[in-house]
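Okay, so here's the structure we're looking at.
Order of the sequence lines fixes the chain letters, A, B, ..., with proteins taken first and strands second; residue numbering starts at 1 for each chain. Quick note: numbers below take in every heavy atom, side chains included, and nothing from hydrogens, waters or symmetry partners.
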Amino acid sequence: MIGGGVIRLEPALRLQIDSRDAFGVDPNGLGDALDIARKRVGVQGRVGKRVSFEVEAELVGATPWRDVYVNYRALDSVRLQAGQFKVPFSLDRSTSGAKLDFVSRSMAANVLAPRREQGVMVQGRLLGRALRYEAGMFRHDGEHAFVEETDAELSGRTTAVRVTALPFAGSKSVLADLHAAVAVTHGSVGPGISRVRGQTALDERFLPYAYYWVAGTRWRNGLELRWRPGPFSMAGEYMRLTTGRQGQALDGSDLSPLAGAGWYVSGTWVVTGEAKKKLDDGPSAPFLRGGIGAVELAARVEELEFGSRSRLGLASSDPRADHVAQRSDQAVTVGVNWLPHRLVKVQANLVRDAAAIEGGLSPHVTWGRVIRVQFSL
Amino acid sequence: MALLGLTLLTAGASTAHAQTDAELFDPSVLHDLRLWINTRDLAALREQAATNTYYPADLGWRGIRVRSVGIRSRGNGSRNATKLGLRVDFNRYVSGQQFLGLRSVVLDNLWQDPSMVREHVAMALFAHLGQPSSRQSFARLFINDEYQGVYSLVEPVDARYLTRTLGDQAGYLFEYRWLQPYYFEDLGDDLTAYVQLFEAENHPNDPLALAYGPIRAMVRAINEPSDTRWKAEADRYVDLQQFVTVAAIEAFMAEWDGLIGYAGLNNFYLYRRAGSDRHVFIPWDRDHAFHDLRTSVFERVGENLLLRRALLDPELRRHFQAELERCARTAEREGWLEAAVQRTSSLVRAAAWQDPRKPYSGADHDAAVAALMEFARSRPLQVLTEVAGDAAATRSPR
């Protein structure tokens with residue numbers, strides 16, 4: 001605290017170390033690996049009662065700045081935020097990497113949802129706590145990893161709106177935590193190779209050589225649902241993304257938009273009995289302090305599809321095909337989370353991934369296991 | 001959805017089956033072949049002509065439009081951005097797609113041959129003499145409806161080719177990659193030295209030892225120091241009769257860039273039948289054939305270690321002489337070679353003159369054809385004379 005409590009600062013530190021092993025993957029792909037997934041430092045703070053801010057930097061990788069923003073609370077119903085932060089879309093994408101139920105986000109959130117972007121946003125609560133909204137305008141479409149090409153698309157200004165309903169918030173009902181939301185983003189994309197790429201649950205690329213040229217409008221639509229009664233939680237999302245391909249046919253005419261869609265359903269159970277929504281506060285009986293910490297079981301089923309809106313004519317992986325051969329990936333993840341202490345989390349996931357292409361042979365099945373040790377302050 | 005895709009693919013294929021690959025490679029026809037490609041991709045293809053990057057296109061022939069084919073630049077000395085040498089892969093983007101039963105086809109830009117017919121005539125002679133050779137025909141190529149010039153439509157050396165010419169496709173096929181002058185010197189124990197020279201065209205997942213071990217053994221056998229053991233050793237790994245036959249045909253044709261090329265080995269495939277260690281030689285890219293009428297049939301035969309050792313063996317030397325004589329007799333019989341040059345050059349002459357991207361003039365084309373005609377007329381007698389002299393010399397007591 002500085003200035004007699006007018007300024008409050010809270011340092012943040014996160015270190016994640018992953019051990020991965022996969023079977024049946026492309027020999028040039030994942031394989032065995034031990035790496036530092038995240039090494040982040042940051043600070044959150046507050047100036048007076050109305051201004052809050054966050055600065056966070058990644059010490060691993062080429063793009064260091066993560067969340068860098070200022071938030072001004074005019075009213076409970078109107079808060080203004082400016083800087084770089086996550087585009088309001090997808091529950092899974094919005095959740096901090098330190099608080100995920102699984103080592104990796106769902107494929108849909110990973111691939112289809114936008115990431116951080118520079119912009120401004122207005123947000124607030126309405127009808128008590130029953131309704132929450134976020135509406136923002138962003139410089140581009142959100143950073144995307146996996147893109148090295150010089151011909152990559154140039155995304156234009158993107159608008160995003162997300163409305164979340166918590167119809168039983170504040171009640172004593174078992175449904176008090178029920179959260180349902182809809183979200184949409186809209187933006188323009190200049191001619192270039194799509195930055196949105198299919199990626200399996202084991203981080204393998206969907207498309208080995210075909211890159212799709214896009215130009216026009218990009219839309220995302222998302223639905224999300226979450227409920228955390230007692231030691232249990234259930235969550236699910238569906239999202240869809242389309243990107244125009246104006247003037248991208250062989251003869252310069254328009255092609256059917258690229259379309260990607262994905263969903264997941266997940267569930268968790270805190271075996272040691274802590275309430276799920278308070279698990280971030282730490283286990284009720286920490287390890288070496290008379291307990292074993294908190295132990296949680298988790299499972300997720302998910303699917304991701306990529307193709308074109310048109311399904312007429314020859315299905316092809318040709319980057320300028322009107323009917324892009326549909327590629328799909330289905331994954332099942334089971335995991336155990338152990339929180340020996342409030343600051344430490346150990347996650348072990350077993351993943352079965354089955355990728356298939358329209359008109360192709362039987363799905364390509366791979367198995368992988370990931371163990372993550374996380375320290376966060 | 002998979003069923004729908006397969007159904008549509010089958011429907012497309014059934015249209016294509018109204019024609020046959022024999023018609024596509026009919027050498028008596030000048031075909032019109034069309035490619036449609038996005039203008040941005042075409043610009044990138046020309047800009048990146050030195051790379052093997054694929055671009056999507058549609059291919060049209062006789063009213064058939066094959067969609068979503070992959071095309072890329074190809075060639076070594078002939079590779080350029082002006083008149084693109086192209087490889088067309090029908091199954092690059094559509095799994096299992098074929099055109100007239102073909103998975104790919106080569107569009108040779110005839111960049112280095114002002115006559116434009118050397119390769120056709122050379123391959124026709126190989127076929128006429130019973131050796132494996134690619135079927136070829138001529139085509140006027142249009143890209144986005146713009147005439148690009150005369151091309152040779154070449155059957156690729158692949159599984160279908162092997163079945164057609166050798167009756168077997170289960171073995172190992174390698175394309176020789178010219179890196180520097182090489183004459184079959186022993187490259188040592190390290191198989192990767194051979195991997196660089198002989199690019200595997202099939203069995204990509206087989207262990208190196210399985211694919212390349214017999215090639216290393218072949219080269220060692222070629223370098224066997226004992227003259228008494230050499231033939232038996234080499235014959236285990238090389239079909240010596242077939243090799244000498246191919247070498248003789250090339251010598252007759254004064255081939256400048258083949259097995260006995262000016263810079264070592266070049267322009268051939270190597271095939272090893274399944275369950276065998278013996279290799280056969282498949283000629284490829286003969287646009288330097290009929291190079292110079294004055295070339296002796298024994299020119300450079302001492303450079304290639306395999307041919308040099310083979311010709312020291314009396315039986316193989318007689319075979320070489322006999323095959324040269326067979327070439328000459330075949331070529332002169334009823335003017336076969338001259339007629340072949342006449343027939344093919346007449347077919348392409350008008351299109352060749354109109355070819356807007358060729359690096360030589362129409363007059364150069366006519367002059368090259370005239371030189372080829374002279375070669376066809378004079379070469380048989382010249383070779384027969386030289387062979388007779390060599391036969392007499394090798395029969396003479398030393």
Review point. With a 4.5 angstrom heavy-atom cut-off, which part of Ala57(B) approaches chain A: side chain, backbone, both or neither?
Key: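 The backbone, not the side chain.
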
Practice item. State whether the side chain of Asn38(B) and the backbone N or O of Ala249(A) hold a donor-acceptor pair below 3.5 Å, judged by distance alone. Key: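 Answer holds: yes.
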
Looking at side-chain heavy atoms only, is the closest gap between [X] and [Y] below 4.5 Å?
X         : Y         : result
Tyr93(B)  : Pro319(A) : yes
Arg40(B)  : Trp213(A) : yes
Arg92(B)  : Ser317(A) : no
Ile37(B)  : Arg320(A) : no
Leu250(A) : Asp58(B)  : yes

Point to revise | Heavy-atom pair with the smallest gap, counting every atom of Leu314(A) and Ser68(B) | key: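 Taking Leu314(A) first and Ser68(B) second, the nearest heavy atoms are CD2-CB, 4.5 Å.
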
Review point. Looking at Pro56(B) and Asp318(A), what are the two nearest heavy atoms and their distance?
Key: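 Scanning both residues completely, I find the closest heavy atoms to be CB-OD1, 2.7 Å.
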
May I ask you to check whether over 12 heavy atoms, not counting those of [X], lie within 6.0 Å of atom [atom1]?
X         : atom1 : answer
Arg157(A) : CZ    : no
Asn76(B)  : CG    : no
Arg103(B) : CZ    : no
Arg46(B)  : CZ    : yes

